[in-house]
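Notes for the one structure printed next.
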Amino acid sequence: MNNSSWTRRRFMQIGTGAALAGAGAKLTLLEPTRLWGASPNVSSSDTVRFASIGTGVRGCELLKASLIVPGIECVAVCDLYDSRHLAAQESVKKNVLATRNYKEILDRKDVDAVIIAVTDHHHRRVFLDACAAGKDIYCEKPMSHTVEDGFAMIEAAQKANRMVQIGSQRVSSILYAKAKEIYDSGRLGDVTFIEAYWDRNSASGAWVYPIPPDASEQTIDWNAFLEDAPKRPFDPVRFFRWRCFSDYGEGLAGDLFVHLISGIHFITGTNTVAERAQSSGGLFRWKDGRDFPDLIDTFYDYPNFRLAVRCNLNNEGGEFIGFYGTKGTMIIKDSTLTYKPQDIRPQPESYSIYGWPEQMRNEYLEKWQADHPLPLSFTADEGVETYTVPTGYSDVSDHQANFFNAVRSRKKTVENEEFGNRAALGCHLANYAYFNKTIATWDGAARKITRG
Ligand SMILES: NC(=O)c1ccc[n+]([C@@H]2O[C@H](COP(=O)([O-])OP(=O)(O)OC[C@H]3O[C@@H](n4cnc5c(N)ncnc54)[C@H](O)[C@@H]3O)[C@@H](O)[C@H]2O)c1
């Protein structure tokens, strides 16, 4: 048999398999069963009464998403900026009590749980006070503003026996549950590399939010906002665009890396902190006085895989996570998940033998075929699979439902304080490496980041 006839026969066999794989490829619309399956009929005595502390963009978004969660009732809202009281009441469609002082909310006996959606530099204080007041806590991501904050928050929650959930909602998403199922099935083989990015190309994406026309020292409690941060005269840019400044936020790492890292930790079942991180990046475009880069790219070492995470505010790339395994590839791109197997059946060498004399090559190929009877075809399992979520699906409501169910059941959430802290440490490692121009190493025993 000469090479060309062998190749044609093999092509036909593989071709049949490929056609089958194509026929097996399918798009599946995932059903949002989790929220509706959770506890649709909650008795009024089991209703969880909650308040939101921080009703800015995220607080209002959470309040709106809470409207479809069964068995809960918002009874109060709190924010340092008065117009956000009205925005919160509009979101929850109720004239609930609104205050600037969150301690008034913590003192109330009818509040079982609080949503903490304040700026990152306030998470620790409000969280600790809520634990002391015996409230369960849904705290927005990133859990901590500093490494020390996270461990203080864990200690407080566990000492006070509080139910905690951190707010990276992808952990409760039906799309991520499917990704975890595929990962756990072993169909990816050994995953040694994971890549994630979240790229945006707009003023809003770069946090250049408009300043509301009524913003003033009369409508905003500026001193309370500063809290322990350096004292400064009233500055609405810092108040509304706080993510740009290290006194209050953590830039791209705290805003976006933490979502990607939380999703990856959830899917891979990772319960360690990355051992090391190296970062590169720069401030190329949004030179408006901010402290943080508009491009950051971090390479993390985990025990079983390496992870590259990037956020770029200079191109519209959307959100992406790729899991690269020895048997297949899984991609999450925005709200679509694709699994693609690799043909890992043994193959004859098809490149270097073209430097051999023809007869030797043909003998090699014949012997190879004799030694490797071909499998008949791919099975349907080996085909490409694509999954997506229904239009209007909200993982935010699912995440809230999981939290409020934990409040009732007293069973820890998946994205509990330890999980949230590990994900937040990923963003602190990235920033430490970037700003100190060094490899950042996690010292778990000392609970700190060190150089090199
Ligand atoms: N999970 C997500 O997808 C997601 C999305 C956006 C924001 N977030 C997180 O939510 C939090 C809030 O972000 P945002 O976009 O809503 O910011 P924002 O600036 O719109 O709102 C923050 C609000 O917190 C208030 N605040 C700060 N300290 C307070 C205090 N001690 N008492 C009462 N109110 C206080 C401020 O007055 C402000 O109105 C941040 O931690 C952010 O990282 C999460």
Side-chain angles (χ1 to χ4, degrees), residues 51-65 76-88 91 98-106 114-130 137-145 149 153 165-173 198 200 204-205 207-212 214-215 217 219-229 236-245 247-263 319 394-400 403 415 420 423-424 427:
S52 184
I53 302 174
T55 60
V57 183
R58 185 58 176 175
C60 286
E61 204 178 351
L62 289 169
L63 288 174
K64 283 177 198 140
V77 293
C78 169
D79 202 279
L80 300 177
Y81 167 36
D82 297 340
S83 288
R84 287 184 162 159
H85 297 166
L86 179 59
S91 301
T99 171
R100 280 185 177 188
N101 179 3
Y102 73 83
K103 299 231 168 104
E104 270 180 46
I105 284 185
L106 297 183
V114 288
I115 290 176
I116 300 178
V118 296
T119 44
D120 299 351
H121 73 305
H122 280 254
H123 284 187
R124 175 183 179 161
R125 174 157 304 179
V126 179
F127 188 105
L128 263 52
D129 288 345
I137 300 167
Y138 181 112
C139 178
E140 265 309 339
K141 51 51 62 177
M143 177 167 147
S144 59
H145 183 47
D149 285 359
M153 291 160 85
Q165 181 169 266
I166 307 304
S168 269
Q169 61 275 10
R170 284 155 190 77
V171 170
S172 296
S173 149
W198 194 337
R200 317 198 283 205
S204 179
W207 318 308
V208 186
Y209 303 137
I211 310 297
D214 71 346
E217 275 188 280
T219 56
I220 294 171
D221 188 340
W222 173 247
N223 283 328
F225 171 76
L226 289 179
E227 199 178 77
D228 296 334
V237 168
R238 284 184 165 255
F239 184 82
F240 290 99
R241 301 177 189 165
W242 56 267
R243 286 172 175 80
C244 301
F245 303 99
D247 288 340
Y248 328 114
E250 307 77 31
L252 283 167
D255 201 33
L256 304 182
F257 272 30
V258 73
H259 281 303
L260 299 167
I261 292 172
S262 296
E319 194 180 338
S394 163
D395 52 13
V396 184
S397 301
D398 268 356
H399 205 44
Q400 288 187 329
F403 168 67
E415 198 181 343
C427 68

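Computation of the quantities below employed the complete heavy-atom set of this structure, encompassing side-chain atoms and omitting hydrogens, waters and symmetry-equivalent molecules. Numbering of ligands and ligand atoms starts at 1, following listing order. Position 1 is the first residue of the sequence; numbering continues from there.
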Using a 4.0 Å cut-off to any heavy atom of [X], which atoms of ligand 1 qualify?
X	result
Arg84	18 (P), 19 (O), 20 (O), 21 (O), 38 (C), 39 (O)
Cys78	33 (C)
Pro142	43 (O)
Phe239	36 (C), 37 (O)

Heteroatom proximity flag, [X] to ligand 1, N/O under 3.5 Å:
X	answer
Val57	yes
Arg243	yes
Arg100	no
His123	yes
Gly167	yes
Trp242	yes
His122	yes

Margin query: Run Met153 and Ile137 through side chain to side chain contact (heavy atoms under 4.5 Å, CB included) and show every step you take.
Written below: CA-CA 11 Å; Met153 291 160 85; Ile137 300 167; over 6 Å; no
Identify, for [atom], the protein heavy atom at the shortest distance, and state residue, atom and that distance.
atom	result
atom 25 (C) of ligand 1	Asp79 OD2, 3.4 Å
atom 43 (O) of ligand 1	Lys141 O, 2.9 Å
atom 41 (O) of ligand 1	Asp120 OD1, 2.6 Å
atom 21 (O) of ligand 1	Gly56 CA, 3.4 Å
atom 5 (C) of ligand 1	Arg58 CD, 3.4 Å
atom 27 (C) of ligand 1	Thr119 OG1, 3.5 Å
atom 22 (C) of ligand 1	Ala117 O, 3.8 Å

Next item on the list: Scan His121, Arg124, His123 and name whichever one has a side-chain hydrogen bond (donor to acceptor under 3.5 Å, both in side chains) with Asp149.
Entry: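 Single side-chain hydrogen bond (donor to acceptor under 3.5 Å, both in side chains) partner of Asp149 among His121, Arg124, His123: Arg124.
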Checklist line | Passing option when Ser168 is tested against Glu140, Lys141, His259 for side-chain hydrogen bond (donor to acceptor under 3.5 Å, both in side chains) | finding: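 Looking at Glu140, Lys141, His259, the match for Ser168 under the side-chain hydrogen bond (donor to acceptor under 3.5 Å, both in side chains) is His259.
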Margin query: I need the contact type for Gln169 against ligand 1. Using non-hydrogen atoms and a strict under-4.0 Å cut-off, is it side chain, backbone, both or neither?
Written below: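 Just the side chain.
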Margin query: Taking 4.0 Å as the limit for heavy-atom contacts, which would you say applies to Phe225 with ligand 1: side chain only, backbone only, both, or neither?
Written below: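 None of Phe225 does.
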Next item on the list: Can you figure out which of His145, Arg170, Glu140, His259 has its heavy atom closest to atom 44 (C) of ligand 1?
Entry: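 Heavy atom nearest to atom 44 (C) of ligand 1 belongs to Glu140.
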Item checked: Identity of the nearest option to atom 11 (C) of ligand 1, non-hydrogen atoms only, from Val126, Leu256, Asp221, Val118 ->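 Checking each option, the heavy atom nearest atom 11 (C) of ligand 1 is found in Val118.
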With distance as the sole test, does [X] use its side chain to make a donor-acceptor pair with the main-chain N or O of [Y] at under 3.5 Å?
X	Y	result
Ser91	Lys64	no
Thr219	Tyr81	no
His122	Tyr248	no

Next item on the list: Could you check Gln169 against Gln400 for side chain to side chain contact (heavy atoms under 4.5 Å, CB included), going step by step and ending with a plain yes or no?
Entry: CA-CA 8 Å; Gln169 61 275 10; Gln400 288 187 329; over 6 Å; no
Item checked: Partners passing side-chain hydrogen bond (donor to acceptor under 3.5 Å, both in side chains) against Tyr102 (at least two apart in sequence or in another chain) ->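 Tyr102: side-chain hydrogen bond (donor to acceptor under 3.5 Å, both in side chains) contacts with Asp129.
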Item checked: Contacts of type side-chain hydrogen bond (donor to acceptor under 3.5 Å, both in side chains), residue Arg241, not counting sequence neighbours ->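 side-chain hydrogen bond (donor to acceptor under 3.5 Å, both in side chains) list for Arg241, sorted by chain: empty.
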Check: Looking at Ser262 and Val171, what are the two nearest heavy atoms and their distance?
Finding: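 Nearest pair, atom of Ser262 first, then Val171: O-CG2, 4.0 Å.
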Check: Closest heavy-atom contact between Phe225 and Trp242?
Finding: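 Nearest heavy atoms, Phe225 then Trp242: CZ-CB, 4.1 Å.
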Item checked: Test item: side-chain donor near acceptor, Asp214 and Ser83, under 3.5 Å ->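 Short answer, yes.
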Note to self: So Glu227 and Val126, do their side chains get closer than 4.5 Å, heavy atoms only?
What the structure shows: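 Val126 does not reach Glu227 side chain to side chain.
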Next item on the list: With the side chain counted from C-beta on, respond yes when Tyr138 and His399 share a heavy-atom pair under 4.5 Å apart, and no when they do not.
Entry: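 Touching, per the 4.5 Å side-chain cut-off.
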Check: Does Ala224 come within less than 4.0 angstrom of ligand 1, counting non-hydrogen atoms of the residue?
Finding: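 It does not; every heavy atom stays at 4.0 Å or beyond.
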Margin query: Taking only non-hydrogen atoms of Ser168, do any sit less than 4.0 angstrom from ligand 1?
Written below: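 Distance cut 4.0 Å: Ser168 fails for ligand 1.
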